[in-house]
Amino acid sequence: MLSAIQIAIDGYSSTGKSTLAKALAKALGFLYVDSGAMYRAVTLYLIRHNITVERVEDVLDEIEVDFDDAHRIRLNGEVVDQDIREMEVSELVSEVAKVAAVRRKLVEQQQRFKQSVVMDGRDIGTVVFPSASLKLFMTASPEVRAQRRYDELIQQQKSVTLDQVRSNLKMRDYEDEHRAVDPLKKADDAYLLDNSSLSPDEQLQWVLDILRDKLAITA
Ligand code: CDP
């Protein structure tokens with residue numbers, strides 16, 4: 001049997017990691033896993049139960065996060081793919097993602113995916129799959145990122161201002177890069193992709209070219 005292929009996509013907030021990861025998984029017939037959704041689901045649990053981040057370790061055993069057959073994130077069996085995108089969750093998630101016990105639980109779960117997978121997050125190429133076949137590190141200008149996320153949230157009828165989105169992205173990037181455990185950083189062997197002026201199709205093509213030329217993997 002051929003061994004499974006892992007593609008790790010890390011990078012700053014709202015750089016289009018999930019758009020690229022989904023398209024890539026579809027083109028290659030791989031599983032797509034949104035690791036950020038898992039951190040968001042744990043955060044949603046705390047908000048719903050009025051539990052402070054300091055107490056998250058005490059309740060970790062009560063929190064079960066997984067994906068349904070349609071790849072939608074579930075919290076204790078309930079599909080929460082809409083609720084985890086609320087600003088309230090975005091405001092707290094990087095605090096929750098700093099907690100070592102939370103990371104341990106979710107990283108272990110992420111490492112249990114044994115099939116070929118495209119996974120996006122902050123520590124996939126550095127911690128979750130350090131031997132991934134392909135690692136990408138995504139960035140884009142802060143203005144482009146804020147506008148893209150704002151448009152996305154408005155489309156989902158969320159009530160939010162561009163300023164709120166801009167400051168949330170800045171705050172999360174800072175927290176993610178400066179935390180003690182598994183901080184956001186580019187793996188030495190990751191390809192850097194700045195997609196400020198690339199369309200979704202162009203960035204997909206850029207990655208498919210690398211896969212074909214360097215790894216002889218064709219979609
Ligand atoms: O907003 P965006 O889609 O860029 O973020 P996300 O992928 O939904 O991740 C939300 C937050 O979860 C990040 O800002 C990190 O604080 C945390 N996270 C993490 O620490 N490690 C991961 N592998 C994925 C997300």
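As the structure lists them, so they are numbered: ligands from 1, and atoms in each ligand from 1. What you see is a predicted model, and the numbers here were worked out from it, not measured in a lab.
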_Starting from atom 23 (N) of ligand 1, what is the nearest protein heavy atom, named by residue and atom, and what distance separates them?_
D123 OD1, 2.8 Å
*asked:* On a heavy-atom basis, I'd like to know which of K98, M138, R122, E95 is closest to atom 13 (C) of ligand 1.
replied: R122
_Can you tell me which portion of Q110 lies within the under-4.0 Å heavy-atom range of ligand 1? Options are side chain, backbone, both, or neither._
neither
*OG1 of T218 to CZ of R212: how many Å apart, nearest 0.5 Å?*
9.0 Å
*So is there a nitrogen or oxygen of D176 less than 3.5 Å from a nitrogen or oxygen in ligand 1?*
yes
*asked:* Among all protein heavy atoms in this structure, tell me which lies nearest to atom 4 (O) of ligand 1, with the distance rounded to 0.1 Å.
replied: S14 N, 2.8 Å
*State whether the side chain of T43 and the backbone N or O of L92 hold a donor-acceptor pair below 3.5 Å, judged by distance alone.*
no
*Does a donor on one side chain and an acceptor on the other come within less than 3.5 Å for S90 and R40?*
yes
*Between the main-chain N or O of P130 and the side-chain N or O of K135, is there a donor-acceptor pair closer than 3.5 Å?*
yes
*What residue and heavy atom of the protein are closest to atom 21 (N) of ligand 1, and at what distance?*
R103 NH2, 3.0 Å
_Using heavy atoms and a 4.0 Å limit, tell me yes or no: is E152 in contact with ligand 1?_
no
_Nearest non-hydrogen protein atom, atom 2 (P) of ligand 1_ = R149 NH2, 3.6 Å
*Are D151 and R148 within salt-bridge range, i.e. N to O under 4.0 Å?*
no
